[in-house]
Amino acid sequence: MKQSKAFIPTLKEVPADAVIPSHILMIRAGMVKMLSAGIYSFLPLGYKVIKQITEIIREEIDAIGGQEFHLPALNPREIWEETGRVEAFGDTMFHIKNRDYVLAPTHEEIMTFHAKGILKSYKELPQIWYQIQTKFRNEARPRSGVIRGRQFLMKDAYSFDKSFEDLDVSYEKHNKAYRKIFDRCGIKYFVVGASSGAMGGSKSEEFMVRSDAGEDTVAHCEKCGYAANIEVAQSVIESVPRHEESKEIYEISTPNVKSIDELCDFLKIDERETAKSRVYICNDEPVLALISGNEEINETKLEAVLGAPVRPGRPEELKEISGADAGSIGPIGFKHRIIADLRLKDGNNLYSGANKNDFHIGGIDLKRDVPNIEYFDLRSVESGETCIRCGEKLEVFKAIELGHIFKLGTRYSEAMGANFLDVNGKDHPLVMGSYGIGVERVLACYIEQHYDDKGIIWEGELKPFDLHIVSLNIKNEDVRRESNKLYDELTAKGYSVLFDDRANVQAGFKFNDADLIGVPLQIVVGDRGLKENSVEVKIRKSGERTKVNLDEIYSKIEDLVKEAG
RNA sequence: CGGGGUGUGGCGCAGCCCGGUAGCGCGCUUCGUUCGGGACGAAGAGGCCGUAGGUUCAAAUCCUAUCACCCCGACCA
């Protein structure tokens with residue numbers, strides 16, 4: 001590809017609207033251009049990489065028996081009514097104004113529609129069907145470039161099995177295929193097990209990539225691979241000590257002391273000697289949640305414990321419920337349900353609010369003084385805490401969900417009546433799995449993990465080109481002749497080559513463009529080197545440059561391509 | 001949806017407070033010089049200042065409405 005003819009509109013300046021590295025670099029390298037919020041055009045360079053990603057996905061899904069479909073994005077609304085998902089998606093689903101169609105946000109219903117009445121016998125199972133197509137979701141807030149868009153390219157596969165045991169097999173095939181796909185893409189990822197909850201599915205796992213631009217917070221153990229969403233993550237933590245001797249309860253005047261910090265300051269005590277109170281309303285009933293010191297209650301865990309949504313009590317309600325305002329509430333004399341974080345289990349000699357403004361109580365023994373207390377895991381895991389599985393340190397960080405494999409079960413087949421006949425001629429709903437990959441996210445995540453201050457650094461299978469010939473001063477006849485010769489021969493040898501043959505572009509400009517685009521190997525052809533019959537080969541990743549005699553350039557390139565991938 | 005911010009040439013921005021008919025850098029066109037890490041000179045092209053109303057002799061600038069985009073949060077997979 002000759003750059004003088006290629007449409008690769010690189011940008012020197014950082015676009016005002018882009019914030020995260022991958023977004024900035026994709027725009028600057030001329031890979032994408034935004035059309036509207038969350039809607040991007042892929043320009044030739046970006047699309048080239050996208051095609052390579054989808055090719056890897058195709059190979060690996062085909063290898064486990066997948067068959068590719070091409071499905072409509074425009075769907076009759078009624079098919080989505082059958083499974084109740086028009087309501088479930090709500091405003092996230094795009095509706096067509098002048099006909100009763102919706103734009104498909106995913107394709108469970110459509111695949112199930114095709115299975116229905118056609119996959120009639122257990123003999124035809126299992127099937128793995130997939131597609132790589134654009135999905136539409138009316139995201140309230142698109143962000144981070146291509147990572148959360150209103151339309152996005154997704155590979156989604158669906159498996160159809162005759163039993164849950166067979167589903168396990170299909171699921172495991174995808175699990176392995178996904179690892180191969182992301183490994184081949186050169187992405188560092190980890191797998192988070194997620195309990196799939198109310199969807200009726202039994203198991204789901206998310207393939208995640210660490211990134212500040214992520215929308216999920218996870219706890220991860222580098223050593224043993226334990227990974228969990230912060231909403232369910234656990235760690236080994238020390239409970240507050242139970243002292244030999246339990247003191248008697250006593251009231252302390254604590255004027256204007258509201259926060260735990262203020263309380264510790266005022267009484268010259270450690271935060272572990274305190275129990276913080278938060279009042280939540282659940283099913284219109286107040287619940288007092290106690291947590292050690294200044295830790296935060298994890299509301300998702302709380303909701304799981306209580307089995308219903310919660311909301312923090314409003315300031316004006318608190319006095320009515322407890323007799324005091326926030327900052328002076330505590331378990332002693334609290335008339336409603338009391339639950340506490342495990343860390344506080346059987347703690348004694350604790351300080352907490354007195355349910356009387358400007359007073360706290362000391363000498364609290366939860367075992368003695370709060371007999372109805374219940375203990376649960378209510379706190380969020382924090383970085384540096386101990387892994388429950390291997391004892392190493394956990395890290396807590398943001399992550400992007402790249403892929404999701406999910407045992408659906410019969411939710412869709414039952415709702416839509418997609419049944420098959422077993423050996424005995426008996427009707428059963430197809431047992432389904434669904435497996436998604438955000439294709440553009442793969443690209444964005446790759447860049448998030450492979451860049452420096454100059455630009456993108458391509459390696460491995462995703463690289464848009466093997467080689468970048470950078471010809472300095474192509475008006476010089478020797479340079480022109482040798483560059484063209486190199487370009488023709490390297491292309492003939494089967495390398496994909498980007499050739500910066502632009503006249504009237506300064507050397508520095510070309511170097512910077514080449515670093516920005518990030519092809520792994522640059523071959524710099526200039527008259528200076530040609531006088532010694534040599535060109536310079538630069539490895540983009542290390543910045544290392546070597547003079548190579550033209551006589552041995554092809555063998556050298558062969559070695560370097562192998563090395564640099 | 002709540003909070004904050006921004007809309008001025010292809011890109012990045014100044015001008016707005018204090019109204020007087022639009023400017024800078026990059027990019028683009030032509031010519032010349034240059035030519036190994038984003039060159040230099042000269043001459044050009046390109047904007048009804050997001051949109052719609054209003055105030056005023058006069059609006060990029062003041063007022064109102066509206067739209068778009070970005071960030072934080074909520075929501076979502």
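Here is the naming used below: chain letters follow the sequence lines, and residue numbers restart at 1 for every chain. It should be emphasised that the depicted structure is a prediction, and the values quoted were computed from it without experimental measurement.
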Distance, P atom - from B:C72 to B:G54, rounded to whole angstrom = 39 Å
As its Watson-Crick or G-U partner within any shown strand, both distances under 3.5 Å, B:U29 has B:A43
Partner of B:U21 under the Watson-Crick or G-U wobble criteria, both distances under 3.5 Å, comes out as none
Nearest-angstrom distance from the residue atom CG of A:D513 to P of B:A39 | 12 Å
Just do the side-chain hydrogen bond (donor to acceptor under 3.5 Å, both in side chains) check on A:H107 and A:Q133 with the steps written out, would you?
-> CA-CA 10 Å; A:H107 276 85; A:Q133 283 174 241; 5.3 Å; no
Under 3.5 Å between N/O atoms: give me all the protein pairs with nucleotides 32-36 of chain B, atom names plus distance.
residue	atom	partner	partner atom	Å
B:U34	O2	A:Q506	NE2	3.3
B:G36	O2'	A:R528	NH1	2.8
B:G36	O6	A:G529	N	3.3
B:G36	N2	A:E536	OE1	2.4
B:G36	N2	A:E536	OE2	2.8

Whole-Å P distance, B:A77 and B:G4 | 29 Å
On a whole-Å scale, what distance lies between the C1' atoms belonging to B:G50 and B:A60?
-> 12 Å
State the pairing partner of B:U55; accept Watson-Crick or G-U wobble contacts with both distances under 3.5 Å, and report none otherwise.
-> none
Atom CD1 of A:I27 to atom P of B:G10: distance rounded to whole Å?
-> 17 Å
Tell which nucleotide pairs with B:G2, taking only Watson-Crick or G-U wobble pairs whose two distances are both under 3.5 angstrom.
-> B:C72
Do the side-chain N and O atoms of A:Q151 and A:T134 include a donor-acceptor pair separated by under 3.5 angstrom?
-> no
Spacing of A:R502 atom CZ relative to B:G37 atom C1', expressed in whole Å = 14 Å
Measure up the A:H450 and A:Y446 rings against each other and bin them: parallel (under 30°), tilted (30 to 60°), perpendicular (over 60°).
-> parallel
Rounded P spacing from B:C18 to B:A52 in Å | 26 Å
Does a side chain donor of either A:K475 or A:N504 reach within less than 3.5 Å of an acceptor in the other side chain?
-> yes
Which residue, A:P15 or A:R28, contacts RNA chain B at a nucleotide closer to its 5' end, judged by nearest heavy atom?
-> A:P15
Six-ring centre of A:Y171, A:K407 cation under 6.0 angstrom, axis tolerance 45° = yes
Rounding to the closest angstrom, what is the interatomic distance between B:G53 and B:A58 at atom P?
-> 15 Å
Per-nucleotide protein contact along nucleotides 65-77 of chain B, 5' to 3', at a 4.0 Å heavy-atom cut-off (B base, S sugar-phosphate only, - neither), is ----SSBBBBBBB
Are the aromatic rings of A:H23 and A:Y40 close, with centres under 6.0 Å apart?
-> yes
Do we see a donor-acceptor contact under 3.5 Å between the side chains of A:H70 and A:Q131?
-> no
With sugar-phosphate meaning primed atoms plus P, OP1 and OP2, does A:D91 contact a base, only sugar-phosphate, or nothing at under 4.0 Å between heavy atoms?
-> nothing
For B:G37 and B:A43, measure between their C1' atoms and round to the nearest Å.
-> 29 Å
Pair assignment for B:U61, Watson-Crick or G-U wobble, requiring both distances under 3.5 Å = none
Classify the nucleic acid contact of A:K135 as base, sugar-phosphate or nothing, counting any heavy atom under 4.0 Å across all strands shown.
-> nothing
Counting any heavy atom closer than 4.0 Å, what does A:V470 reach on the DNA or RNA strands: base, sugar-phosphate only, or nothing?
-> nothing
Using atom P of each nucleotide, how far apart are B:U51 and B:G7 to the nearest Å?
-> 14 Å
Verify whether one side chain among A:T546 and A:E544 offers a donor that lies under 3.5 Å from an acceptor in the other.
-> no
If you measure from the C1' atom in B:C70 to the same atom in B:U64, how many Å do you get, rounded?
-> 24 Å
Examine A:K48 relative to A:F465 and say whether NZ or CZ is less than 6.0 Å from the centre of the six-membered ring and inside a 45° cone about the ring axis.
-> yes
Just by distance, with hydrogens left out, do A:N476 and A:R480 show a side-chain donor and acceptor under 3.5 Å apart?
-> no
Would you say the side-chain atoms of A:K510 pair up with the backbone N or O of A:D500, donor to acceptor, closer than 3.5 Å?
-> yes
Quickly work out the A:E13 CD to B:C13 P distance and round it to whole Å.
-> 8 Å
